[in-house]
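A note on names: the letters A, B, ... follow the listed sequences, proteins ahead of strands, and every chain is numbered from 1.
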Amino acid sequence: MPDSNEMLEELNPEQRRAVTAGDGPLLVLAGAGSGKTRVLTTRIAHLIRERGVPPRRILAFTFTNKAAREMRSRVERLLGGVAADCWLGTFHATGVRILRREAARLGWDRDFAIYDTDDTEALLRELLGSRTLPRHLSPAEARQRLSAWKNERVTPERARALAGDPIERVVADLFADYEQALRRNNAFDFDDLIARPVDLFEAEPEALRPYSERFLHVLVDEFQDTNAIQMVFIEQLSGHHGNLLVVGDDDQSIYGWRGARIRNILEFEKRFPATNVVRLEENYRSTAPILEAANQLIAHNRGRMGKNLWTARQGGERIRAAMSADEEEEALRVARLAQEWVEKGGSRNDIAVLYRTNAQSRALEDALRRHNIPYQIVGGTRFYERREVRDVLAYLKVVQNPADSVALLRTLNVPRRGIGDTTVGRLQAAAAARGWSLSEAVEHCQEIEDMGRPAARRLAEFARFLAQLRGLAAGATCAGVVQAVIETTDYLAYLRQTDEATFETRRENVEELVSAARAFAEESDDASLRAFLEEIALLTDIDGMRQDIEVVTLMTLHSAKGLEFPVIAITGIEEGLLPHASSLQSQVDVEEERRLFYVGLTRARDHLYLFTASNRRRYGDYEPMMQSRFLAELPESCLEAETVRAPSWRSYAEGDPDTYWRQQGQGAQVPRRGVRDEDGTRESAATYEDDFSQEHVALAVGMRVRHEKYGVGRVERLEGHGDMMKVTVHFERHDAKKFVARYAKLLPVR
DNA sequence: CGCTCGCCGTTTTTT
DNA sequence: ACGGCGAGCG
C-alpha cells in the first residue's frame with residue numbers, strides 16, 4: 001500500500017489540486033485519458049486517510065457496475081478493505097439500495113420486482129390491449145414517451161396538459177394507469193429506481209435527512225451524462241454538507257437521447273457559485289496523431305466549454321483509413337488486421353472493434369469466425385434477454401413476487417399446459433372486476449362463472465404447482481430455485497419439442513443461467529433469490545465484458561465509453577450511420593454524433609484504424625453509402641489512406657458530391673481483386689464478385705433474367721453506372737424488385 | 001387451443 | 001434478414 005506522499009507524487013499538479021481540494025463544490029473537467037478515475041479514487045483515499053472521513057459517509061456514483069467495481073478495487077489497492085463501506089455504485093443501484101429500505105413507506109413490499117425494458121413493454125401491452133387507439137401505438141413508443149416524462153419529472157397530470165399530438169394524449173392518459181399497474185404488481189421500472197426516492201425525499205424531508213446527513217462527501221463520475229432527475233438526486237443527497245465533486249467531459253456527452261442534460265455540466269458553476277474548477281488536459285493515453293485528430297474533429301462543435309488535450313508522448317504512427325466495397329470486405333480487413341497483430345506477437349485483448357449500431361456486428365462476426373479469431377460481443381442481444389432465459393427468470397420472479405402479473409402471464413402457458421388466450425382473457429377480466437391480482441384470480445379460478453371446467457382444472461393444477469415451487473424455494477439459494485424450476489417444469493423437454501434446430505444453443509443458455517446462479521450464490525454474501533434477481537436487473541452490457549480471456553472485443557461506440565485499447569478499429573464511418581440518419585434533422589444531434597466519434601477516436605492508445613464501405617446491407621438489401629462528413633474533418637497530416645486518396649474526402653468537404661461519388665465508385669473497385677486467404681481460398685467478397693458480377697452480363701432493359709430466389713423476370717429499368725447501377729426487375733411470380741446490379745446475382749435467360 | 005403462414009417493422013445508442 | 005404477431009385452419 002502506498003503512503004500518502006507516494007500517492008500524491010504520482011499525480012500531476014492539476015490532479016493533485018483536485019485530490020487535495022477543500023470542502024465545497026468542485027468541478028473537474030477531465031479530458032479523455034487525463035486520469036479522472038485516478039483522481040476520483042485517490043480523492044476517496046485521501047478523504048479517508050488524511051481527512052479522517054469514515055468510508056461509510058462517502059457516496060460515489062458511476063454509470064456502470066463495471067466502473068463501480070473498478071473504482072472500488074482501486075480504492076482498496078490504496079487503502080485496503082475499509083473501502084467496502086463506501087456507498088459506491090450506479091445511480092440505479094443506489095436508488096434500489098434506498099428503495100429496499102423505504103419500500104414500505106411508499107406502499108411497496110420489500111420483495112418488489114425491477115422491470116427492465118421488456119417487462120415494461122409487456123405491462124404496457126397488457127394495458128394497451130384494453131384500449132381503443134386512434135392510430136397504431138406500439139408499447140415501445142409508449143415506453144419511450146413515459147420514460148422521457150419520468151426523467152424530466154413530469155407527472156401524469158402535467159403530461160395531460162403538455163401532450164401535443166393525439167398519440168401523446170393517449171400515452172398521457174395511460175400514464176396514471178401505468179403507474180398504478182406497477183404498484184399493483186409490486187414492481188418498479190428503471191426510471192422509478194431514481195424517481196421514487198427523489199419524489200419521496202421531496203415530499204418528506206425527514207425521509208431524506210438520514211441520508212443527506214450521513215453523506216459527508218458525494219462524488220459523481222461521467223457527470224456530463226446525468227439527466228434532470230439524477231441531478232435532483234445528487235443535490236438532495238449532497239445538500240446537507242455541500243461537498244460535491246463532479247467529474248466529466250462535455251465533449252463526451254453521448255446520452256442526450258436518454259435525457260442527459262449537457263447543461264448540468266455547462267451550468268454547474270452558475271448553480272454552485274462557490275465552485276472550484278480543475279481542468280485536466282494532459283492525456284496519458286494516446287499518441288500525438290490520434291490526439292491531434294480528435295482535437296480537430298471536436299473543434300467543429302459549438303457550445304463547448306473548450307479544451308485542448310495534449311500529450312508528452314513523442315512519435316506514433318498515423319491513423320490508417322481504408323475504404324471497402326461493402327461490409328464483407330470491411331469485416332475481412334478487420335479480421336486481417338487482428339490476425340496480423342496476433343502474428344506479430346500482440347494479444348487479442350489489445351483490440352476493440354467499434355460500430356454505431358449493434359446490427360453491424362454480424363458481418364464482423366462472420367469474418368472473425370472464418371478466420372478462427374476468438375471474439376466477444378459486448379451488448380447486442382444480451383444473455384438475459386434471450387427467450388429461454390427469460391422464461392426461466394419469469395418463474396423465479398413469480399416465486400419471489402406473486403403480484404408480478406407480467407412474469408405470471410409468461411409462465412402460465414410455458415411449457416404448454418392448455419391455458420390459452422381465452423382463458424387468460426377471462427382471468428384478466430375477473431381480476432379487474434373483483435379487484436384481484438392476476439395470481440389471486442388464478443387461485444380463485446373455481447369462482448369465475450364463465451370459466452370452463454377443463455380450464456379451471458388446469459389453472460388449479462398450475463396454482464398447486466406454484467405453491468409447491470414456493471415451498472421448495474423457501475429454504476434454497478437462488479441456484480437451488482433455478483435448478484428446481486428447470487426440473488419441475490421439465491423445461492428442457494419443452495425446448496426440444498418446440499424447436500429441434502435451436503435446441504442445443506438454447507439448452508446451453510439455460511445451463512449458463514444455472515452456472516450464473518451458482519456463481520452468484522458462492523460469491524455473494526446474500527445468496528437469496530431476491531438478491532440474484534436484483535443483480536440481474538441492474539446488470540449493464542459492459543458488465544459482461546471479460547478481460548480474462550484472449551479475445552477481440554466488439555461493441556458499440558456507446559459501450560466503449562470509459563475504456564481504452566492499444567488497437568482500435570472503428571467501422572462504418574458513413575453518412576446515415578455516423579452521423580446516424582436519425583440525427584440529421586438537427587444540428588444539436590449531429591454534434592452528439594460527432595462526440596460519439598470523438599469518444600471512439602480517444603479510446604485508442606497506439607493504433608487507430610478507420611473503415612468505411614461504399615455499399616452496406618440494410619434491411620437485407622445493399623444500399624450505396626457515402627463517407628462520413630466527420631472523416632473530412634480530420635487533419636490529413638494525421639492520416640494515411642490505404643485504398644483511397646484523402647482528396648476524395650476533401651472534395652466532399654468542399655461540397656462537390658458528384659466528384660465525390662465518382663471517386664468513391666472507382667476507389668471501391670480496386671481492393672476487391674486478389675483478396676485471398678492464406679490457403680488460397682477466396683473470401684466471400686471476392687467469390688461473390690467472380691460468380692455474380694454483372695460486369696460480364698450486359699444488362700439491358702427488356703432482358704429476361706433469373707434470380708436465385710425470385711425466379712424469372714424481365715429487366716424493367718436501369719439507373720446509374722458501374723458500381724452504383726441499380727436494376728429493377730419485374731418477376732413473373734413476384735412484384736418488381738430493385739437491386740444494386742453488382743449484387744443482384746442475376747443470370748441471363750434465353 | 002395450438003400450429004403455420006405471411007406480413008410488418010426493424011436498426012440508433014442503454015440504465 | 002429476421003423475429004414477432006395476427007389471421008385462419010385443423
**OP:** Test Tyr178(A) against Phe175(A) for ring-ring contact (aromatic ring centres under 6.0 Å, His included), laying out the working first.
**Re:** CA-CA 5 Å; Tyr178(A) 169 70; Phe175(A) 198 167; 7.3 Å; no
Original post:
Does the Arg506(A) side chain pair with the main chain of Glu388(A), one donor and one acceptor, at a distance under 3.5 Å?
Top reply: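 No, because the side chain of Arg506(A) does not come within donor-acceptor range (under 3.5 Å) of the backbone of Glu388(A).
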**OP:** Report yes or no: is the cationic atom of Lys561(A) (NZ for Lys, CZ for Arg) closer than 6.0 Å to the six-membered ring centre of Tyr255(A), at no more than 45° off its axis?
**Re:**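 Pair Lys561(A)/Tyr255(A) does not count as cation-pi.
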Original post:
Within 45° of the six-membered ring axis of Phe112(A) and under 6.0 Å from that ring's centre, is NZ or CZ of Arg530(A) located there?
Top reply: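 Not flagged: Arg530(A) not positioned over aromatic ring of Phe112(A).
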Subject >> Protein-nucleotide distance (Leu459(A), atom CG; dC1(B), atom C1'), rounded to Å >> reply: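 Distance check: Leu459(A) CG to dC1(B) C1' gives 14 Å.
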**OP:** Calculate the interatomic distance between Asp366(A) atom CG and dA1(C) atom P; express it in whole Å.
**Re:**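 Rounded to whole Å, this separation is 11 Å.
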Subject >> Reference residue Ser361(A); test side-chain contact (heavy atoms from CB on, under 4.5 Å); the match among Ile377(A), Leu368(A), Val378(A), Thr571(A) >> reply: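 Of all the options given, the one that passes is Ile377(A).
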Original post:
For nucleotides 10-15 of chain B, read 5' to 3', which letter fits each nucleotide if B means a protein heavy atom sits under 4.0 Å from the base, S means only the sugar-phosphate is that close, and - means neither?
Top reply: BBBBBB
Under 3.5 Å, which protein N or O atoms sit close to an N or O of nucleotides 4-10 of chain C? Give each pair with its distance.
none

Original post:
Should the heavy atoms of other residues, nucleotides or ligands under 6.0 Å from CG of Asp421(A) be counted, would the total exceed 12?
Top reply: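 No - once you tally the heavy atoms of other residues, nucleotides and ligands closer than 6.0 Å, there are 12 at most.
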Subject >> Any residue meeting side chain to side chain contact (heavy atoms under 4.5 Å, CB included) with Asn227(A), in chain and number order, not counting sequence neighbours >> reply: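 Listed in chain order: Asn151(A), Ile229(A), Gln230(A).
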Original post:
What is the ring orientation for Phe201(A) with Phe233(A), classed by angle as parallel under 30°, tilted 30 to 60°, or perpendicular over 60°?
Top reply: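 Correct class here is parallel.
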